[in-house]
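Since this is a predicted model, take the numbers as computed values, not measurements. Start at 1 and go down the list; that is how both ligands and their atoms are numbered.
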Amino acid sequence: MAQDLIIAVDGPTASGKGTIARALAAHYGLPHLDTGLLYRAVGRQCALAGGNPDDPADALAACDFTDDRLGDPELRAEATGGLASRVSIHPAVRTALYERQRAFATQPGGAVLDGRDIASVIAPEAQAKLFVTASVEARAQRRFLEMHEQGRDIALAEIAADLAARDERDRNRKDAPLVVAEGALVIDTSDLRREEAIAAAIAAVDALAAA
Ligand code: C5P
C-alpha cells in the first residue's frame, strides 16, 4: 500500500457514503472523519443558542462548539441535518471548519473523509476520489429504516421532501457545492446491497491508488 493514502468520499445524504467510508477506513487501516457531523454540530449549537441558522453571524458563532457536542445523539436527527445544510451555506462557516478537516486529511499515513467537498476543496490531492450516489427513492427508504431503528418516528414522505430540499441547497450553493470532482469515480448504490457497494468501493480505490 502506498504511503499517505487520502480517500475522499463525497455524495448526497443517505447515499451510503458513510457506510462506504467506514468500511474503507477499516479495510485500509486508516482513520475516518465524517465531516457532515461537524456541520451538524454547528447547526445544533446554533439552534440551542437561539440563533438563526440562515444568519451568517449566528452560524459562525456556533462554530466554537466543543468536542463533547460531537457525541450528542441529536446530531443524527433528520431535523439537525436540515440545520446543518442551512449553516453550511455560509462561506465563513466553511472557512472556520476547513483547518480541522485539512489537518485530518493530511495526517501521516493518510485518512478517509466523507462529505460534500472533500475531493473538490478539502483534499484535492486525494489519490482516490469516490462520488457515492443513489436515487432519491432509495435514499429516502434507507433513511426511513435508519430513523425507525433509532426509534425516531418520521414519515417516509417527510424524509423524501427533506432530502430533496437538502440536495437542492447543497448542489446550488455558491461556495463548495456538491459536485462530482474531476477524476472522481461514481458509485450508484441504488440497486446495490451493502456488501456489494463496499466491494465496488474497495475495487475502485485499489484501481485509483495504483494509477
Ligand atoms: O452528510 P450529512 O447529511 O451528515 O451532512 C449534513 C449537511 O452538512 C449536508 O446536507 C451539507 O449541507 C453539509 N455538509 C457540507 N459539507 C460537508 C459535509 C456536510 O456542506 N463536507
Side-chain angles (χ1 to χ4, degrees), residues 6-22 24-25 32-47 53-54 56 59-60 62-63 65 69-105 111-124 126 129-134 136 138-140 142-147 150 152 154 158-181 184 189:
I6 303 178
I7 305 177
V9 184
D10 291 303
T13 289
S15 57
K17 67 181 187 312
T19 301
I20 286 179
R22 277 190 299 277
L24 289 173
H32 165 233
L33 180 65
D34 168 2
T35 63
L37 217 51
L38 305 177
Y39 290 92
R40 285 169 179 264
V42 176
R44 173 105 175 117
Q45 177 96 352
C46 182
D54 302 319
L60 181 61
C63 290
F65 64 84
R69 174 67 59 215
L70 296 173
D72 179 347
E74 274 311 300
L75 294 195
R76 303 278 173 198
E78 201 51 31
T80 311
L83 291 170
S85 151
R86 287 161 67 188
V87 295
S88 70
I89 275 186
H90 308 301
V93 168
R94 306 202 70 84
T95 303
L97 298 182
Y98 174 85
E99 275 311 327
R100 181 177 191 146
Q101 298 174 78
R102 180 74 194 152
F104 194 92
V112 182
L113 290 88
D114 72 87
R116 301 290 186 291
D117 61 343
I118 307 304
S120 55
V121 176
I122 304 298
K129 300 175 181 172
L130 302 183
F131 189 90
V132 180
T133 189
V136 173
R139 294 191 284 130
R142 270 182 213 150
R143 184 48 63 91
F144 177 75
L145 293 175
E146 214 177 280
M147 289 292 133
Q150 290 176 20
R152 298 181 194 276
I154 177 163
E158 195 182 325
I159 293 180
D162 183 64
L163 285 185
R166 279 168 62 185
D167 282 359
E168 174 81 9
R169 252 197 311 266
D170 290 352
R171 292 202 170 106
N172 294 317
R173 66 179 175 222
K174 282 203 186 67
D175 199 19
L178 175 66
V179 288
V180 181
T189 65

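- Residues Gln45 and Arg69 bring a donor and an acceptor atom of their side chains to less than 3.5 Å of each other.
- Residue contacts with ligand 1: Asp34 is placed with no nitrogen or oxygen under 3.5 Å of a nitrogen or oxygen of the ligand (distance criterion only).
- Here the straight-line distance linking atom NZ of Lys129 with atom CD1 of Ile7 works out to 13.0 Å at 0.5 Å rounding.
- Looking from atom 18 (C) of ligand 1 to the surrounding protein, the closest heavy atom is Thr35 OG1, 3.5 Å.
- Between Gln101 and ligand 1, no pair of N/O atoms sits closer than 3.5 Å.
- Among all non-hydrogen protein atoms, the one lying nearest atom 12 (O) of ligand 1 is Asp170 OD1, 2.6 Å.
- Taking atom 8 (O) of ligand 1 as the reference point, the nearest protein heavy-atom neighbour is Tyr39 CB, 3.5 Å.
- In this structure, CD1 in Ile122 is found 4.0 Å from CD in Gln101, a value given to the nearest 0.5 Å.
- Atom-to-atom distance recorded for Asp10:CG and Ser15:OG is 9.5 Å, nearest 0.5 angstrom.
- Note: Lys17 NZ to Arg22 CZ = 10.0 Å, rounded to the nearest 0.5 Å.
- Between Lys17 and ligand 1, an N or O atom pair is found at a separation short of 3.5 Å.
- Ranking the protein heavy atoms by distance from atom 7 (C) of ligand 1 puts Ala84 CB, 3.6 Å first.
- The nearest heavy-atom contact from the protein to atom 4 (O) of ligand 1 is Arg40 NE, 2.6 Å.
- Remark: ligand 1 and Ser88 share an N or O pair separated by less than 3.5 Å (distance only, no angle test).
- Remark: side-chain polar atoms of Thr80 are paired, donor with acceptor, to backbone N or O of Glu74 under 3.5 angstrom.
- Ligand-side atoms of ligand 1 in range of Thr13: 3 (O), range being under 4.0 angstrom from any heavy atom.
- Considering Arg86, Arg116, Arg171 only, the shortest heavy-atom separation from atom 5 (O) of ligand 1 involves Arg116.
- Heavy atoms from other residues, nucleotides or ligands lying under 6.0 Å from CZ of Arg76 number 12 at most.
- Thr13 and Arg116 share a donor-acceptor pair across their side chains, judged by distance under 3.5 Å alone.
- No salt bridge links Asp117 with Arg173; every basic N to acidic carboxylate O contact stays at or beyond 4.0 Å.
- Proximity of Arg169 to ligand 1, defined as any heavy-atom pair under 4.0 Å, is not found for any part of the residue.
- In summary, Glu146 and Arg143 engage in a salt bridge, as defined by a charged side-chain N under 4.0 Å from a carboxylate O.
- Nearest protein heavy-atom neighbour of atom 3 (O) of ligand 1: Arg166 NH2, 2.7 Å.
- Counting protein heavy atoms only, atom 16 (N) of ligand 1 is closest to Arg94 NH2, 3.0 Å.
- Contacts with ligand 1 closer than 4.0 Å are made by side-chain heavy atoms of Arg173 only, the backbone lying farther away.
- Near Gly115, meaning under 4.0 Å from any of its heavy atoms, are these atoms of ligand 1: 18 (C), 21 (N).
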